[in-house]
Student: 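Just dropping this structure here.
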Amino acid sequence: MVLKEDMARRDSRGKEQIQEVVAMRQRLRHSAAHVMADAVLQLFPEAKIGIGPPTDDGFYYDFEVSRPFTPEDLEHIEAIMRERIAGDFPFQKETIDRDGARELLGEQPYKLELIDDIPPEEPISTYRHNEFVDLCQGPHVESTGKIAAFTLQTVAGAYWRGDENRPMLQRIYGTAFETSAALEEHLKLLEEAEKRDHRRLGRQLDLFSVHEEVGPGLVIWHPKGGKVRSIVEDYWRELHYRRGYDLVYSPHVGRSRLWQTSGHLDFYSEGMYSPMDVDGQEYYMKPMNCPFHIMIYRSDLRSYRELPLRYGELGTVYRYERSGVLHGLMRVRGFTQDDAHIFCRPDQVEDEVLGVLDLTFELLDAFGFTDYEIFLSTRPEKFVGDLEMWEHATRSLAHALDTRNLDYDVDEGGGAFYGPKIDIRIRDALGRSWQCTTVQFDFNLPERFNLTFQGSDGEQHRPYMVHRAIIGSMERFLGVLIEHYGGAFPLWLAPVQAVTIPIADRHVDYALEVKDALSGQGFRPEVDSRKERMNLKIREAQMQKVPYMLVVGDEEMSKGTVSVRLRSEENLGPIALSGLLDRMKDELRSRS
RNA sequence: GCCCACAUAGCUCAGAGGCAGAGCACGUUCUUGGUAAGAACGGGGUCGGCGGUUCGACUCCGCCUGUGGGCUCCA
């Protein structure tokens, strides 16, 4: 999870000014990292220091020390940092030669390694403040006193240069801002993110659970979470039928021969579970749906006339994920992809990509996601398939993005070995970005399964194949939705849309009538007929984030009205039942 | 998988080498109340699991499982 530069992003300053703020904070944070390393070296003179860059929302520095840092160490480090800041030492840049750098940092093996990796033609510079010198390109703030507000956050292990075969260093994370108000605001945002944590809300709203006895990364959906999920799925299906997809189903396991042919056993085995023995034959849980959809394609001879074929499936796959990476709904071992495979002719490629983009944005828009980051990943050094197809596909992806006036970054060489792709990240209500959508060409599987179609020339041709998932996985997407809405689902998604609250027992029958009227119109209402006080019922409905609370007592009963309270705490007062239904129907339509 | 931390009632959490605690939830009874908690009483625990140290372990140590923050990877 990354909290981006929210302050800068959210206000109405122009792009240049935002970049200015970002650059200023990078200098500030980078400088704070230096000051932190300075403080650590004072406390642990024997510490070996790694790297200490700014990040999107803070900074870190990696250290090798003889024992793990404790919370008390962090306090001491922070105290020394404050002294350094109070001392207002200037940051001084020096350009030195390689030997000078090696001599200066001779005690620091990690720094020596970094020096060795600097290309010979590049200048080497150091930054010094007080007695601390670090190999560094800069830039920095003028002096330590400019670090107006900072805090240290957590300690974590981190491999030297991200390589798990190299030593694990201890990383201290912190953040810094230009004013303490800005720091406060950032910390408040973190607090808000914690309140919206889908794992906490999942329990509070009784949406889902995971259990040690079931297994890590395996999600159980409770009735309310199941309701939200099925609404999302129904909408997904409707949209796909409307956009010309055929929906299919495939089994959860397949014989080893299938995975041999697909190449998964050769290239994806670390993501697959051990085989099970069925009548002496090996079967594997599916990590992907593609081979099954390919079987559908191959179940008949295909003519150019019937292409494109678009097979969609909410397909549940199982992948081995290393225990340390599992996280709530966001990273699990069993998940349902909104998968589809498109088989088409070369001349259809671009239209198909456009179709996927349009479908994507229509769907994401319905959930209130309007802020995207788009990445186009091109051919890596090692690849399969012929160059011409790669170029055609890559051009089609780029052209489709251009046609829809979408900004994107190009990740040169970042594609998979089997094809170029577009990835889309969405930003949620807190400005955090999540990878969901991926549109990926595949030049490998059609080859391996020898897919063909007969062209108008009577010859056999190889179809283009595109994998695509829009919401990615149901689990992750539901997790994102929970956090995006903070658990307060819009009416169309809310598992319980209205709670009718009778004030006294004699109002229960009327409350049931109101409920029936609502469910008669397709809504999802409940009646809270417990022998409890209205105040308690309102409190609980409020905490369950139910959109509509309908209080009924003597007055409502005699006039055929309901007193409407919204979860925003707005009290609409008594409204005729028909008026309420109209209002709710409008809200449903607008998906707001 | 690796580093660090954590695991006590259904939930959130306090506690501590010598009889296991609170709030909420749950059950019973009383209360029929007009927009965020009515009251009383009650049931509920192999203190994550297995070993070890000790007269004695929920507490200290080791291993395992799970969770959290990271690294790496990813839908």
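Numbered from 1 within each chain, the chains take letters A, B, ... in sequence-line order.
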Student: N/O contacts under 3.5 Å, protein versus nucleotides 3-6 of chain B?
Tutor:
unit_1, atom_1, unit_2, atom_2, d
B:C3, O2, A:Gly157, N, 3.2

Student: Flag the pair A:His186 / A:Phe177 as yes when their ring centroid distance falls below 6.0 Å, and as no otherwise.
Tutor: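 Ring centres of A:Phe177 and A:His186 closer than 6.0 Å.
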Student: Does B:G69 have OP1 or OP2 under 4.0 Å away from a side-chain N or O of A:His327?
Tutor: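 Indeed, a polar side-chain atom of A:His327 lies that close.
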Student: Are A:Tyr110 and A:Glu64 linked by a side-chain donor-acceptor pair shorter than 3.5 Å?
Tutor: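 Short answer, yes.
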Student: Side chain of A:Gln435 only, heavy atoms from C-beta on: which candidate in B:A75, B:G34, B:G1 is closest?
Tutor: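 So the side chain of A:Gln435 is nearest to B:A75.
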Student: Base, sugar-phosphate, or nothing: which does A:His211 touch, judged by heavy atoms less than 4.0 Å apart?
Tutor: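 It contacts nothing in the nucleic acid.
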Student: Report the distance from atom CD1 of A:Ile538 to atom P of B:G33, rounded to the nearest whole Å.
Tutor: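 My rounded result for the distance is 15 Å.
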Student: Taking only residues two or more places apart in sequence or in another chain, which ones pass side-chain hydrogen bond (donor to acceptor under 3.5 Å, both in side chains) with A:Gln337?
Tutor: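 A:Gln337 satisfies side-chain hydrogen bond (donor to acceptor under 3.5 Å, both in side chains) with A:Asn289 only.
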Student: By the 4.0 Å heavy-atom rule, please label A:Phe477 as base, sugar-phosphate, or nothing.
Tutor: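 No contact.
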Student: Could you check A:Arg567 against A:Gln440 and say which one's nearest nucleotide on RNA chain B is further toward the 5' end?
Tutor: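 Per heavy-atom nearest nucleotide, the more 5' residue is A:Arg567.
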Student: For RNA chain B, determine which residues of residues 496-506 of chain A have any heavy atom closer than 4.0 angstrom to one of its atoms, and list them numerically.
Tutor: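 Contacting residues: A:Ile503, A:Ala504, A:Asp505, A:Arg506.
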Student: Can you name the atoms? Protein N/O to nucleotides 49-51 of chain B N/O, anything below 3.5 Å, with the distance.
Tutor:
none

Student: Taking side-chain hydrogen bond (donor to acceptor under 3.5 Å, both in side chains) as the test, write out the residues that go with A:Tyr548, two or more places apart.
Tutor: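 Applying side-chain hydrogen bond (donor to acceptor under 3.5 Å, both in side chains) to A:Tyr548 gives A:Arg583, A:Glu587.
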Student: For the residue pair A:Thr500 / A:Glu526, report whether a side-chain donor-acceptor contact shorter than 3.5 Å exists.
Tutor: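 There is no such pair between these side chains.
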Student: Under 4.0 angstrom, heavy atoms only, what part of the nucleic acid is A:Asp339 near: base, sugar-phosphate, or nothing?
Tutor: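 Nothing, no nucleic acid heavy atom in range.
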Student: Can you give the dot-bracket line for RNA chain B, using ( ) for pairs inside the strand, [ ] for pairs that cross earlier ones, | for pairs with another strand and . for unpaired bases, where Watson-Crick and G-U count if both distances are under 3.5 Å?
Tutor: (((((((..((((....[..)))).(((((.......))))).....(((((..]....))))))))))))....
Student: Does a distance-only test, which skips hydrogens and angles, find a donor-acceptor pair under 3.5 Å between the side chain of A:Glu321 and the base of B:A75?
Tutor: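 It does, because a donor-acceptor pair links the side chain of A:Glu321 to the base of B:A75 below 3.5 Å.
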Student: Can you see if the side chain of A:Tyr173 gets near the phosphate of B:C71 - specifically, an N or O under 4.0 Å from OP1 or OP2?
Tutor: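 Yes, because at least one side-chain N or O of A:Tyr173 sits under 4.0 Å from OP1 or OP2 of B:C71.
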Student: Mind checking A:Gly162 for me? I need base, sugar-phosphate or nothing, with any heavy atom below 4.0 Å counting as a touch.
Tutor: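 Here A:Gly162 touches the backbone only, sparing every base.
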Student: Looking across every strand, which nucleic acid part, if any, lies under 4.0 Å from A:Glu475 by heavy atom: base, sugar-phosphate, or nothing?
Tutor: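 Since no nucleic acid heavy atom lies under 4.0 Å of A:Glu475, the category is nothing.
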Student: Measuring from the side chain of A:Gln542 (C-beta onward, heavy atoms only), which nucleotide among B:A36, B:G1, B:G69 has the closest atom?
Tutor: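 Of the options given, the side chain of A:Gln542 lies nearest B:A36.
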Student: Between A:Tyr320 and B:G1, does any side-chain N or O lie under 4.0 Å from OP1 or OP2?
Tutor: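 Yes, within the criterion.
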Student: Applying side-chain hydrogen bond (donor to acceptor under 3.5 Å, both in side chains), name anything that partners A:Trp160, two or more places apart in sequence or on another chain.
Tutor: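 With sequence neighbours excluded, A:Trp160 shows a side-chain hydrogen bond (donor to acceptor under 3.5 Å, both in side chains) to A:Glu113, given in chain and number order.
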Student: How does protein reach along nucleotides 38-47 of chain B, written 5' to 3' as B (base within reach of a heavy atom under 4.0 Å), S (only sugar-phosphate), or - (no contact)?
Tutor: B---------
Student: Considering only nitrogen or oxygen atoms on both sides, find all protein atoms under 3.5 Å from nucleotides 8-10 of chain B and state each distance.
Tutor:
none

Student: Please name all residues satisfying ring pair (Phe, Tyr, Trp, His ring centres under 6.0 Å) with A:Tyr510, sequence neighbours left out, ordered by chain then number.
Tutor: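 Not a single residue meets the ring pair (Phe, Tyr, Trp, His ring centres under 6.0 Å) criterion with A:Tyr510.
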Student: Assign a letter to each nucleotide of nucleotides 62-67 of chain B from its 5' end: B, base within under 4.0 Å of a protein heavy atom; S, sugar-phosphate only; -, no contact.
Tutor: ---BSS
Student: Quick check: any donor-acceptor pair below 3.5 Å linking the side-chain of A:Tyr159 to the base of B:G1?
Tutor: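 Counting by modelled atom types and ignoring angles, a donor-acceptor contact under 3.5 Å is found here.
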Student: Which residues pass the side-chain hydrogen bond (donor to acceptor under 3.5 Å, both in side chains) test with A:Ser529, not counting sequence neighbours?
Tutor: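 If we apply the side-chain hydrogen bond (donor to acceptor under 3.5 Å, both in side chains) test to A:Ser529, skipping adjacent residues, there are no hits.
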